[in-house]
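Have a look at the structure below, then the notes.
The shown structure was predicted, so the numbers you read here are calculated from the model rather than taken from an experiment. All heavy atoms count here, side chains included; hydrogens, waters and symmetry mates do not. One-based numbering, in listed order, for ligands and for the atoms of each.
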Amino acid sequence: MEMKYLTLAEHAVREYAPDKIYMANQIAKRAAALYGEDKVINSTLGECMDDNGKLMILPTVENLLRNMSIEDMCSYAPIAGLAEFNKAVQVSLFGKEVSDHFVESVATPGSCGALRHAVWNFLDDGEAVITTNWNWGPYKGICEEHNRRLETFEMFNEYDSFNLKGLDDKIDELAHEQNHILIILNTPAHNPTGYSMTKIEMDNVVEIIKKHARNSTKKITLCLDVSYIDFDGTFEESREIFDSISEMPENVMVIVAFSMSKSYTICGMRCGALVCLAHTEEAMRMFKQAMAFSSRSVWSNTVRSAQKLLIDICLNSEKKTSADMERNLFKEIIAARSRAFLEEAEQCGLKCCPYKSGFFIAVPCKNSDLIAEKLKEKHVYIVAMPYGIRFSLCAVTKDKCRRTPKIIKEVLNNNAL
Ligand code: PLP
């Protein structure tokens, strides 16, 4: 039946789809008010909370924001970003300005905006993005919003390491149908599994890409979504993946989705960048032109104060050292929570996805919606995902992390399919 007074174009008509994560969070909050904070394990959101349930914000960030000039707070920024933003992004990501590539960083609203730019600009209509089957939910929505598709391959092989063959086969399959290949890999500290690809695995990914790039009609883009990079290992360990990508054929480009949300604890200030590691100045210039056009036409410029914050921290060694030290403390809190969860999981025989670092642990299971409902009855609130459930270490105290695996295991045993 035709709906009256509704003039939406057909492609814009959507099913009612409430945000599962925020809904679960609301229910958990109500339960905490009713039964007491201690009785409820609210592991829904992806923001870092301290043991008193307070949002964790780097003191250096808070200090700089509170003392920022009103002009930097309120004024427009240039479309692609403030003059020193590109340099600050490189210092944040690589420790210094990069000399072996031509690097450009176009400011975006978080890495979400960066991924949007990647999906729109590196594929044609109807083409598909390749990523892992465990993935951040909005990847699919970003593809659909832009008339693209999401194609996935199984993330882990039988040894619980990265499934290189799955990636190789998926590229092969899509290369028969489309000329652009865009691969998005979220590493290190992958959401939702906490997996970090090793340097050897990334070397192998590069070899696979090089093999497919021998067909010169194909244009291949590797997009590394490194939104959680500062919550993995040491700086050097977490950056090893970049060493794999130095030499690439002419028909390949590497781009990086950078986020300030986690590294600088400013999720709500919406700042990140899409970064290109180009082999020629011309390629870098074309990248910037395309991304700046997209920015201008979608959101115009992005939040100036957040860009200024990055510059103030990354281009001042004293402030950078403070921010890095503060973040290390946050990282240690999350690591201690992960150890508590995993030790207990091992004790009770709960099988988790291979976790190394980061905000989340995933437990593979069938019928995750049902499991999530059953867990709610025990006042444990998690996020149901297509291949299992996601537990947010970043939002739950160490004590609760220790209590949870047994409850999950029990619910899985009682609802085995
Ligand atoms: N990529 C992954 C894997 C994420 O988990 C998130 C946010 O949770 C993002 C990208 C987007 O983050 P933001 O847009 O806040 O930088």
Side-chain angles (χ1 to χ4, degrees), residues 19-22 24-25 43-49 55-58 61 81 85 89 92-93 105-120 129-143 145 150 152 155 182-197 222-232 238 241 255-275 291 294-295 298-299 302-303 306-307 309-310 327 334 353 355-362 383 385-387 390-395:
D19 186 323
K20 269 191 188 176
I21 298 182
Y22 285 91
N25 178 45
S43 153
T44 53
L45 296 187
E47 286 180 309
C48 278
M49 301 292 181
L55 192 65
M56 280 154 63
I57 298 163
L58 298 176
V61 166
F85 182 71
V89 171
S92 187
L93 274 179
S105 314
V106 172
T108 56
S111 54
C112 184
L115 291 160
R116 182 266 162 211
H117 272 11
V119 167
W120 176 248
V129 171
I130 298 176
T131 196
T132 49
N133 62 340
W134 286 97
N135 59 58
W136 185 51
Y139 284 173
K140 184 160 181 280
I142 296 170
C143 289
E145 176 75 2
L150 190 69
T152 62
M155 184 164 172
L182 172 62
I183 304 153
I184 300 180
L185 297 180
N186 171 214
T187 192
H190 173 261
N191 177 5
T193 65
Y195 190 73
S196 295
M197 290 175 67
L222 173 62
C223 176
L224 297 175
D225 176 355
V226 298
S227 298
Y228 297 88
I229 194 164
D230 289 314
F231 286 84
D232 177 70
S238 60
I241 49 167
I255 54 178
V256 181
F258 164 78
S259 174
M260 288 184 71
S261 294
K262 328 291 171 186
S263 297
Y264 297 89
T265 60
I266 57 161
C267 302
M269 287 185 71
R270 313 305 306 132
C271 193
L274 189 62
V275 183
M291 300 312 129
S294 268
S295 296
V298 183
W299 50 68
T302 55
V303 179
Q307 295 173 39
L309 182 73
L310 191 75
R327 193 187 304 109
I334 294 175
C353 286
Y355 174 93
K356 176 165 179 257
S357 59
F359 286 26
F360 310 105
I361 286 185
V383 176
M385 305 197 74
Y387 297 91
R390 182 188 89 170
F391 181 82
S392 299
L393 299 163
C394 59

Ser92 side chain near Phe258 side chain, heavy-atom distance below 4.5 Å:
yes

To the nearest 0.5 Å, tell me how far Met269 CE sits from Gln307 CD.
10.0 Å

Report yes if some heavy atom in the side chain of Cys271 is under 4.5 Å from a heavy atom in the side chain of Phe85; otherwise report no.
yes

Lining ligand 1 at under 4.0 Å, by non-hydrogen atom distance, are residues Gly110, Ser111, Cys112, Leu115, Trp136, Asn186, Asn191, Asp225, Ser227, Tyr228, Ser259, Ser261, Lys262, Arg270

Would you mind reporting whether Ile184 and Asn135 have side-chain heavy atoms less than 4.5 Å apart?
no

Do Thr152 and Trp134 have side chains that get closer than 4.5 Å, going by heavy atoms?
no

Should the pair Phe231 and Phe359 be assigned to parallel (<30°), tilted (30 to 60°) or perpendicular (>60°) ring geometry?
perpendicular

